[in-house]
S.K.: 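One structure, pasted below without further comment.
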Amino acid sequence: MTQDELFKILVAHCKEYGFIFPSSEIYDGLGAVYDYGQLGVELKNNIKRYWWEAMTRLNENIVGIDAAIFMHPSTWVASGHVAAFNDPLIDNRDSKKRYRADVLIEDYLARIEEKIKKEVEKGRKRFGDAFDEEKFRETNPNVLREKAHYDEVHGRYLKAEQANDFAEYKQIILDCDIVCPISGTKNWTDVRQFNLMFSTQFGSTGEGANTVYLRPETAQGIFVDYINVQKTGRMKIPFGIAQIGKAFRNEVVARQFIFRMREFEQMEMEFFCKPGTEMEWFNKWKEARMKWHIALGMGAENYRFHDHEKLAHYANAATDIEFNFPFGFKELEGIHSRTDFDLGNHQQLSGKKLTYFDPETGESYVPYCVETSIGVDRMFLTVLSHAYRSETLENGETRVVLGIPAPLAPVKAAVLPLVKKDGLPELAQKVMDLLKYDFNCQYEEKDSIGKRYRRQDAIGTPFCITVDHKSLEDGCVTVRDRDTMSQERVAVDALHDMIDRKVSLGNLLRQL
């Protein structure tokens with residue numbers, strides 16, 4: 001399945017079942033902006049709750065805030081966003097389409113990696129159990145040729161990135177015969193910079209209005225509130241501040257569904273520590289964040305660290321946690337050691353003292369900071385793309401299933417009376433009343449039981465609870481498991497505990 005085919009399937013599935021809709025669709029939508037539907041918002045909230053409680057409940061020295069989206073314009077001068085928050089853009093003169101030059105090159109490199117992967121898979125099929133992948137990669141002429149080309153292009157790209165060499169960006173694009181996906185031509189303009197922040201007017205219109213920005217990240221809200229949180233919470237170094245909130249970037253090349261959007265939501269935590277200890281905490285948070293991901297059960301092999309070769313202006317160490325999406329390994333979460341760049345700059349520009357007095361050593365210093373940052377929407381896509389599968393059953397029928405990790409599933413259980421008569425709906429409603437205070441449940445009685453099972457599979461409901469005529473006699477119901485389709489009779493009184501064992505967020509947090 002190609003990347004385009006996958007996204008078409010996911011986009012259609014999300015719209016059909018109420019996960020995600022194009023924003024303002026009745027007016028033909030707004031590019032790279034999406035609305036979360038009735039099931040999407042449940043999944044999104046569950047993701048946020050898992051992150052929030054892992055941060056603030058499991059760590060006694062981490063607290064949360066909710067800073068405003070509008071911030072004083074000087075904030076973005078101190079953070080470096082006014083001067084340095086730019087993308088390298090290139091236009092195709094024939095199609096009149098605009099692209100990020102670095103993304104064009106990265107996509108080209110990804111296609112080379114895909115060619116190598118296909119060659120390896122050919123070898124695996126050819127040699128079977130005797131296949132030695134490492135030796136194959138070291139000796140196969142096709143693989144060696146593609147690898148040499150990859151290394152050459154990748155090396156040029158890194159040098160251009162580090163030197164901010166826009167002319168070299170364009171030359172790489174020309175040398176690699178990278179064409180516009182729309183026009184198919186190489187009629188490119190020069191590469192130039194474009195600032196990603198949205199600006200607007202704050203205050204009364206006219207001469208008295210000030211230019212402010214929609215925040216491009218949530219982190220700066222944490223930094224400017226750092227001293228208030230530290231003093232009012234009597235926080236001792238090391239401690240962290242967590243925040244979930246909206247951010248906005250005027251992405252010219254927003255694409256890949258909700259992978260890259262103009263309005264998105266971030267989950268960020270800034271961990272303040274003593275200078276000199278930041279690398280110890282950097283490594284600890286790398287381990288903790290990877291453990292958070294793997295606990296969801298989507299396969300440890302689908303995650304990897306990717307250390308940054310070019311560091312951002314504020315960092316002395318940085319790595320990404322990448323996830324193996326169906327379209328390849330892509331960044332899911334960033335972990336950065338930001339030094340004292342942010343607090344130091346805010347202290348200098350504002351004139352306000354942001355130092356910390358350490359009562360144990362008698363020192364005063366501006367704390368260093370380790371950041372963990374993950375996009376809610378990108379995490380949503382991670383869960384969704386991994387969960388989606390189409391299965392052929394023994395009877396030849398197919399079913400679409402969202403194998404969403406049970407604690408994150410939008411609906412935990414569906415209560416289904418077998419028929420709409422004979423007292424079954426009344427008993428089913430009693431089952432709903434038993435469960436609805438602790439779990440998000442759906443009641444459904446329309447269509448055959450088989451069709452109802454299929455609908456619940458398609459939205460990722462872990463359990464279907466069928467109330468049948470025998471239930472009136474023995475006080476038991478049939479519970480069907482989404483993943484195995486196995487069924488068992490369970491006493492109504494035992495339902496709550498059975499469901500809780502599988503869908504409990506608390507049980508998931510205990511794995512951390």
S.K.: Report the distance from atom OG of S337 to atom CE of M279, rounding to the nearest 0.5 Å.
M.R.: 6.0 Å

S.K.: Below 4.5 Å, heavy atoms only, C-beta onward: do Y36 and F21 meet side chain to side chain?
M.R.: no

S.K.: Give a yes or no on whether a salt bridge exists between R482 and D457, defined as a side-chain N under 4.0 angstrom from a carboxylate O.
M.R.: no

S.K.: Take R49 and N46, measure what side chain to side chain donor-acceptor pair (under 3.5 Å) needs, and give me the verdict at the end.
M.R.: CA-CA 5 Å; R49 186 175 161 224; N46 289 342; 5.1 Å; no

S.K.: Are the side chain of D483 and the backbone N or O of G403 linked by a donor-acceptor pair below 3.5 Å?
M.R.: no

S.K.: Does E60, at its CD atom, have more than 12 non-hydrogen atoms belonging to other residues, nucleotides or ligands within less than 6.0 Å?
M.R.: no

S.K.: Just so I know, are the side chains of Y157 and D102 near enough to count as touching, which here means a heavy-atom distance under 4.5 Å?
M.R.: yes

S.K.: T218 and Q243: which non-hydrogen atoms are nearest, and at how many Å?
M.R.: O-NE2, 3.0 Å

S.K.: Can you give me the closest heavy-atom contact between W285 and I335, atom names plus distance?
M.R.: O-CD1, 4.1 Å

S.K.: Is the shortest distance from a Lys or Arg side-chain nitrogen in K236 or E360 to a carboxylate oxygen in the other one below 4.0 Å?
M.R.: no

S.K.: What distance do N210 atom CG and Q201 atom CD have between them, rounded to the nearest 0.5 Å?
M.R.: 8.0 Å

S.K.: Under a 3.5 Å distance rule, please check whether S24 uses its side chain to pair with a backbone N or O of L30 as donor and acceptor.
M.R.: no

S.K.: After noting the C-alpha distance and the side-chain angles of E322 and K330, does the key distance pass the side chain to side chain contact (heavy atoms under 4.5 Å, CB included) rule?
M.R.: CA-CA 5 Å; E322 295 184 333; K330 297 289 183 181; over 6 Å; no

S.K.: Hey, is the main chain of M432 close enough, under 3.5 Å, to the side chain of Y443 for a donor-acceptor pair?
M.R.: no

S.K.: Would you please name every residue forming a salt bridge (charged side-chain N to carboxylate O under 4.0 Å, His left out) with D190, sequence neighbours left out?
M.R.: K170

S.K.: State, to 0.1 Å, how close F329 and N302 come at their nearest heavy-atom pair, and which atoms those are.
M.R.: CE2-O, 3.5 Å

S.K.: For the pair F439 and H496, name the ring-plane relationship: parallel under 30°, tilted 30 to 60°, perpendicular over 60°.
M.R.: tilted

S.K.: In sequence, state the C-alpha distance, the side-chain angles, and the governing distance for E363 and T361, and then conclude on side chain to side chain donor-acceptor pair (under 3.5 Å).
M.R.: CA-CA 5 Å; E363 298 176 83; T361 65; 3.0 Å; yes

S.K.: T372 versus M55: any side-chain heavy-atom pair under 4.5 Å?
M.R.: yes

S.K.: Contact between H13 and L384 at the side-chain level, heavy atoms closer than 4.5 Å - yes or no?
M.R.: no

S.K.: Do R249 and F198 meet the cation-pi criteria used here (NZ or CZ under 6.0 Å from the six-membered ring centre, within 45° of the axis)?
M.R.: no

S.K.: Can you establish whether the number of heavy atoms outside F357 located under 6.0 Å from its atom CZ is more than 12?
M.R.: yes

S.K.: Start with the C-alpha distance between I258 and I20, add both sets of side-chain angles, then the distance that settles side chain to side chain contact (heavy atoms under 4.5 Å, CB included), and finish with yes or no.
M.R.: CA-CA 9 Å; I258 58 172; I20 298 175; 3.8 Å; yes

S.K.: Within this structure, what is the SG-CG distance for the pair C441 and L434, rounded to the nearest 0.5 Å?
M.R.: 9.0 Å

S.K.: Within the side chain of Q456, is there an N or O that forms a donor-acceptor pair under 3.5 Å with the backbone of C464?
M.R.: no

S.K.: Before we go on, tell me: are the rings of F325 and F323 under 6.0 Å apart, centre to centre?
M.R.: yes

S.K.: Is it the case that over 12 heavy atoms from other parts of the model lie below 6.0 angstrom from the NZ atom of K291?
M.R.: no

S.K.: Using salt bridge (charged side-chain N to carboxylate O under 4.0 Å, His left out), reason through K284 and E280 one step at a time and then give a plain yes or no.
M.R.: CA-CA 6 Å; K284 285 184 178 179; E280 174 189 350; 3.2 Å; yes

S.K.: Under 6.0 Å from the CZ atom of R192, do we count more than 12 heavy atoms belonging to anything else shown?
M.R.: yes

S.K.: Examine distances only and state if a side-chain atom of E278 and a backbone atom of G276 form a donor-acceptor pair shorter than 3.5 Å.
M.R.: yes

S.K.: Would you check if the side chain of R260 reaches a backbone N or O of R378 as a donor-acceptor pair within less than 3.5 Å?
M.R.: no

S.K.: Please name the pair of heavy atoms, one in L509 and one in L58, separated by the smallest distance, quoted to 0.1 Å.
M.R.: O-CD1, 3.8 Å

S.K.: Are D377 and K44 ion-paired here, with the side-chain N under 4.0 Å from a carboxylate O?
M.R.: yes

S.K.: For H306 and H308, take the angle between the two ring planes, folded into 0 to 90°, and tell me which bin it lands in: parallel under 30, tilted 30 to 60, perpendicular over 60.
M.R.: tilted

S.K.: Side chain to side chain contact (heavy atoms under 4.5 Å, CB included) for Q230 and I241? Distances and angles first, verdict last.
M.R.: CA-CA 9 Å; Q230 190 271 317; I241 303 175; over 6 Å; no

S.K.: Report the residue from L10, N324, I9 that forms a side chain to side chain contact (heavy atoms under 4.5 Å, CB included) with S385.
M.R.: L10

S.K.: Any cation-pi pair here, K48 with W51, using under 6.0 Å and within 45°?
M.R.: no

S.K.: I want to check something: taking the side chain as every heavy atom from C-beta on, are L408 and L43 in contact at a cut-off of under 4.5 Å?
M.R.: yes

S.K.: Indicate the atoms forming the closest heavy-atom contact of D340 with P367, along with that distance.
M.R.: CB-O, 3.6 Å

S.K.: Roughly how far, to the nearest 0.5 Å, is the OG atom of S23 from the CZ atom of R262?
M.R.: 12.0 Å

S.K.: What I want to find out is whether R338 reaches E217 closely enough, with some N-O distance under 4.0 Å, to be called a salt bridge.
M.R.: yes

S.K.: To the nearest 0.5 Å, tell me how far E270 CD sits from H336 NE2.
M.R.: 10.0 Å

S.K.: Can you tell me how far apart CD1 (I459) and CD (E16) are? Round to the nearest 0.5 Å.
M.R.: 11.5 Å

S.K.: Report the residues that fulfil salt bridge (charged side-chain N to carboxylate O under 4.0 Å, His left out) with R289, sequence neighbours left out, ordered by chain and then residue number.
M.R.: E333

S.K.: Under the ring pair (Phe, Tyr, Trp, His ring centres under 6.0 Å) test against W281, which residue among Y368, F272, F239, F271 passes?
M.R.: F271

S.K.: For F248, does its backbone N or O pair with a side-chain atom of E263 as donor and acceptor, under 3.5 Å?
M.R.: no

S.K.: How about E106 and R100: do any of their side-chain heavy atoms sit closer than 4.5 Å?
M.R.: no

S.K.: For E113, look at atom CD and say whether over 12 heavy atoms of other residues, nucleotides or ligands are found less than 6.0 Å away.
M.R.: yes

S.K.: Indicate the atoms forming the closest heavy-atom contact of P275 with V366, along with that distance.
M.R.: CG-O, 3.7 Å

S.K.: Is it the case that the side chain of Q220 and the backbone of T75 share a donor-acceptor pair, with hydrogens and angles ignored and the cut-off at 3.5 Å?
M.R.: no

S.K.: Which word best sums up how the rings of W76 and H81 line up, parallel for under 30°, tilted for 30 to 60°, or perpendicular for over 60°?
M.R.: perpendicular

S.K.: Are any side-chain N or O atoms of N59 and backbone N or O atoms of A54, one a donor and one an acceptor, separated by less than 3.5 Å?
M.R.: yes

S.K.: Side chains of L39 and Q442: does their closest heavy-atom pair fall under 4.5 Å?
M.R.: yes

S.K.: Whether K159 and E168 form a salt bridge (side-chain N of Lys/Arg under 4.0 Å from carboxylate O of Asp/Glu) is what I want to check.
M.R.: no

S.K.: Can any side-chain N or O of H293 pair as donor or acceptor with the backbone N or O of M298 at less than 3.5 Å?
M.R.: no

S.K.: Do T355 and Y365 come within less than 4.5 Å of each other through their side chains, counting heavy atoms only?
M.R.: no

